[in-house]
Amino acid sequence: MKKRILITGGAGFLGSHLCERLLEQENEIICADNLFTGRKQNIAHLMNHPNFEFMRHDITQPINVEVDQIYNLACPASPPHYQYNAIKTIKTSVMGAINVLGLARRLQARVFQASTSEIYGDPEVHPQPESYWGHVNTIGPRSCYDEGKRVAETLFFDYHRQNGVDIRVVRIFNTYGPRMLPDDGRVVSNFIVQALKGNDITIYGDGQQTRSFCYVDDLISGFIKFMDTDDFTGPVNLGNPGEFTMLALAEQVLAKVGGKSKIVFRPLPADDPKQRQPDISLAKKRLGWEPTIPLSDGLDRTIAYFAQLLAGPAAKQPRPMKAPLKKLTLN
Ligand code: NAD
Ligand code: UDP
């Protein structure tokens with residue numbers, strides 16, 4: 001049945017894919033975004049769609065729209081972006097959660113929270129099941145994101161217990177694909193853009209830390225399956241269990257792109273998790289979901305996207321925000 005759906009953070013990387021997919025299913029979409037890390041370019045192809053509406057809105061402020069479902073994705077996700085204004089990041093997670101939950105309560109709408117594997121911190125249990133409580137520094141440079149997302153989860157479950165709000169909480173593991181910003185700072189986009197430009201590939205630390213990378217299309221299928229499942233609040237992990245060291249990722253990107261880039265080693269940022277791999281047994285059991293796109297295929301698609309972006313006029317367009325993110329330029 002056709003629904004009216006609010007997507008906060010809908011102009012971002014994941015949000016724009018979600019808008020697209022839900023429009024294809026003939027829903028009406030309201031995309032609310034303050035364009036901090038999102039871009040109008042990501043949703044330019046949707047702007048004239050009769051069922052799509054964009055609102056420039058900051059989710060730290062209350063939002064008043066009439067909808068059947070809410071997906072709350074608003075929050076910068078890349079470490080350089082979320083550390084750029086740490087206080088704002090916490091406000092976005094915490095006040096954003098309160099605002100969408102208040103709206104969901106009033107409307108009796110189902111509300112989805114984009115939580116993260118970062119709530120497990122630097123995990124001592126591997127792979128990470130949902131039952132693991134995590135190992136998180138409360139006062140480090142990543143804490144604004146990790147703790148903000150943890151409080152948001154708490155708020156979701158408190159609104160559920162106290163007010164009967166119909167919640168869905170997903171813990172997303174590293175996801176990549178087209179529409180990541182070329183200067184996003186996350187590892188997949190960094191390595192691909194560096195390789196395409198013939199610049200050095202910057203590995204932080206010795207490159208032995210691991211991550212598990214999910215291609216965006218798989219993740220979005222999981223989101224929608226979860227939102228369409230009754231009687232299951234989560235939290236549920238969504239991610240691809242294929243685990244790689246950053247060195248192996250760099251080598252794979254280099255082998256695919258070719259060119260003259262060298263691998264160089266840079267200092268490891270504080271509190272950088274040493275290992276990360278989702279246990280997705282619960283998603284398989286409750287949602288019948290598992291990823292289908294292996295890293296190699298996803299990298300091919302993402303490389304093709306960035307190659308086109310860097311070759312085209314879009315590469316020369318200014319960022320859609322006033323204050324330049326000076327700290328974020330690639331090496
Ligand atoms: P992104 O930075 O591309 O998207 C975030 C979007 O939120 C952007 O469009 C940004 O402009 C918007 N936003 C930020 N602050 C806002 C505010 N105060 N008000 C309104 N809009 C605001 O990142 P993404 O990768 O698309 O991540 C989307 C969500 O998924 C985030 O909540 C992130 O924490 C979560 N997540 C993503 C990943 C991943 O690997 N991509 C992993 C774990 C969790
Ligand atoms: N990383 C790296 N080089 C880069 C960017 C990131 O080696 O140019 C490392 C980073 O230190 C981390 C891993 O890659 O160990 C994943 O980083 P990302 O920022 O993508 O995600 P997160 O740390 O939040 O999982």
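All of these numbers come straight from a predicted model, not from anything done at the bench. Counting starts at 1 for both ligands and their atoms, in listed order.
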Residue selection (non-hydrogen contact nearest atom 27 (O) of ligand 1) among Ala77, Cys31, Ser115: Ala77
Interfacing atoms of ligand 1 (cut-off 4.0 Å, heavy-atom, Gly9): 6 (C), 7 (O), 9 (O), 12 (C)
Sub-3.5 Å N/O-N/O distance, Ser117 and ligand 1: no
Residue part near ligand 1, for His57, under 4.0 Å between non-hydrogen atoms: backbone
Proximity flag Arg179 to ligand 1, non-hydrogen atoms under 4.0 Å: no
For Ala11, atoms of ligand 1 separated by under 4.0 Å from a heavy atom: 9 (O)
Val111 reachable from Ile29 in the ILVMFWY side-chain graph, under 4.5 Å edges: no
For Ala74, the ligand 1 atoms whose distance to one of its heavy atoms is below 4.0 Å: 7 (O), 20 (C), 21 (N), 22 (C)
At less than 3.5 Å, what protein N or O atoms come close to the N or O atoms of ligand 2? Include the distances to 0.1 Å.
residue	atom	partner	partner atom	Å
ligand 2	3 (N)	Thr202	O	2.6
ligand 2	7 (O)	Tyr204	N	2.8
ligand 2	8 (O)	Asn190	ND2	2.7
ligand 2	8 (O)	Thr202	O	3.2
ligand 2	8 (O)	Thr202	OG1	3.0
ligand 2	8 (O)	Tyr204	OH	3.4
ligand 2	11 (O)	Asp272	OD2	2.7
ligand 2	15 (O)	Gln209	NE2	3.0
ligand 2	15 (O)	Arg211	NH2	3.4
ligand 2	15 (O)	Asp272	OD1	2.5
ligand 2	15 (O)	Asp272	OD2	3.4
ligand 2	20 (O)	Val187	N	2.8
ligand 2	21 (O)	Asn174	ND2	3.4
ligand 2	23 (O)	Arg142	NH2	2.9
ligand 2	23 (O)	Arg211	NH2	3.1
ligand 2	24 (O)	Arg142	NH2	3.0
ligand 2	25 (O)	Asn174	ND2	2.9
ligand 2	25 (O)	Arg211	NE	2.7
ligand 2	25 (O)	Arg276	NH1	2.7

Polar atom proximity, Asp33 to ligand 1 (N or O, under 3.5 Å): yes
Nitrogen or oxygen of Ile59 less than 3.5 angstrom from that of ligand 1: yes
Which of the ligand 1 atoms, numbered from 1, are nearer than 4.0 Å to a heavy atom of Tyr145: 33 (C), 34 (O), 36 (N), 43 (C), 44 (C)
Qualifying residue, where the test is side chain to side chain donor-acceptor pair (under 3.5 Å) with Asp122 and the options are Gln209, His135, Lys274: Lys274
Contact with ligand 1 for Lys149, non-hydrogen, under 4.0 angstrom: yes
